[in-house]
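All remarks here apply to the structure that follows.
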Amino acid sequence: MDISEYRFNRLIAKSREGDKKSQLELHRAAEKWLSRYFVGRIRESRHEDLVQDTLLSIHRSQANYNIDRPFLPWLATIARYRWIDQLRKDYQINEVELSEDQFYYETGRHVDARLSLQKLMNQISKKQALAIRLTKIAGYSIKEAASLTGQSESSIKTNVHRGMKKMSRLSFNHTHLE
């Protein structure tokens, strides 16, 4: 079950008031969101541990959450920090932290992939890029993406399809020219 920003905000407010049912629903929804967020960002063998570790951080930080602010950016920020912490742990050598230069060298493939993706996204329409970012990268459902953008669900589907098709064509042409 995907839930909206509004629903997340209501759940965390009720959860902080001690509503156990809301706590459980918030936990499950956050767990689902985090699972989608971490796919492709971390080795599969570390995925579940990272989700659980992040849920624990969220639980601990819940009292500091400002209910007047959107929940999903707060959740994404915590997830990002936990992900970076996990990458650093994964790249430790003999229990010595990698230097910042080594860290970026080791994770360079991810940076290169992101830069390549950004170049491709710059070559498609803004609506197509937004639909792809929301559905394929951020993990929102078609319905959620439509709600966030004001586009119809069929427009989101069309923009994703056409954008992906064009990026695939551009990527294919680029790799065969080298």
Side-chain contact, heavy-atom cut-off 4.5 Å: [X] with [Y]?
X: K21; Y: D19; result: yes
X: L24; Y: R28; result: yes
X: Q62; Y: L26; result: yes

In terms of the angle between their ring planes, are F8 and F71 parallel, tilted or perpendicular, with boundaries placed at 30° and 60°?
->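 If you compare the ring of F8 with that of F71, the planes turn out parallel.
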Rounded distance (nearest 0.5 Å) linking atom [atom1] of [X] with atom [atom2] of [Y]:
X: W74; Y: N66; atom1: CH2; atom2: CG; answer: 11.0 Å
X: K166; Y: S125; atom1: NZ; atom2: OG; answer: 8.0 Å
X: L134; Y: N159; atom1: CG; atom2: CG; answer: 11.0 Å
X: L148; Y: R133; atom1: CG; atom2: CZ; answer: 14.0 Å
X: T135; Y: M164; atom1: OG1; atom2: CE; answer: 8.0 Å
X: L11; Y: Q23; atom1: CG; atom2: CD; answer: 10.5 Å

Determine, step by step, whether E48 and E31 satisfy the side-chain contact (heavy atoms from CB on, under 4.5 Å) criterion, reporting the C-alpha distance in whole Å, the side-chain angles of both residues, the deciding distance to 0.1 Å, and the verdict.
-> CA-CA 10 Å; E48 185 59 30; E31 183 176 25; 3.8 Å; yes
Step-by-step side-chain contact (heavy atoms from CB on, under 4.5 Å) determination, R16 to I67 = CA-CA 10 Å; R16 284 174 51 175; I67 294 180; 3.5 Å; yes
Residues that E153 engages under side-chain contact (heavy atoms from CB on, under 4.5 Å), provided they are two or more places apart =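 Once residues adjacent in sequence are excluded, the partners of E153 under the side-chain contact (heavy atoms from CB on, under 4.5 Å) criterion are I142, K143, A146.
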Without swapping roles, check the side chain of H27 against the backbone of L55 for a donor-acceptor pair under 3.5 Å.
->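 The answer is no, because no donor-acceptor pair under 3.5 Å joins these two groups.
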Is E144 reaching over with its side chain to a backbone N or O of S141, donor-acceptor style, under 3.5 angstrom?
->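 Such a contact is found between E144 side chain and S141 backbone.
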Charged N to carboxylate O below 4.0 Å: is that the case for E25 and K14?
->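 Looking at K14 together with E25, the answer is no, because their closest N to O distance does not fall below 4.0 Å.
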Quick one: closest heavy-atom pair of S35 and H47, and the distance?
->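 Here S35 and H47 meet closest at O-NE2, 3.0 Å.
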Write down the atom of S57, the atom of I78, and the distance for their closest heavy-atom approach.
->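 Looks like CB-CG2, 3.9 Å.
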Does the side chain of S155 pick up a donor-acceptor pair with the side chain of T158 at under 3.5 Å?
->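 Distance-only check fails for S155 and T158.
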Criterion side-chain contact (heavy atoms from CB on, under 4.5 Å) on Q128 and V160, from CA distance to verdict | CA-CA 6 Å; Q128 290 170 346; V160 168; over 6 Å; no
Go through the steps for I58 and L34 under the test side-chain contact (heavy atoms from CB on, under 4.5 Å), then give the verdict.
-> CA-CA 11 Å; I58 290 163; L34 290 166; 4.0 Å; yes
Non-neighbouring partners of Y37 that pass ring pair (Phe, Tyr, Trp, His ring centres under 6.0 Å), sequence neighbours left out |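 For Y37 the ring pair (Phe, Tyr, Trp, His ring centres under 6.0 Å) partners, ignoring immediate neighbours, are W33.
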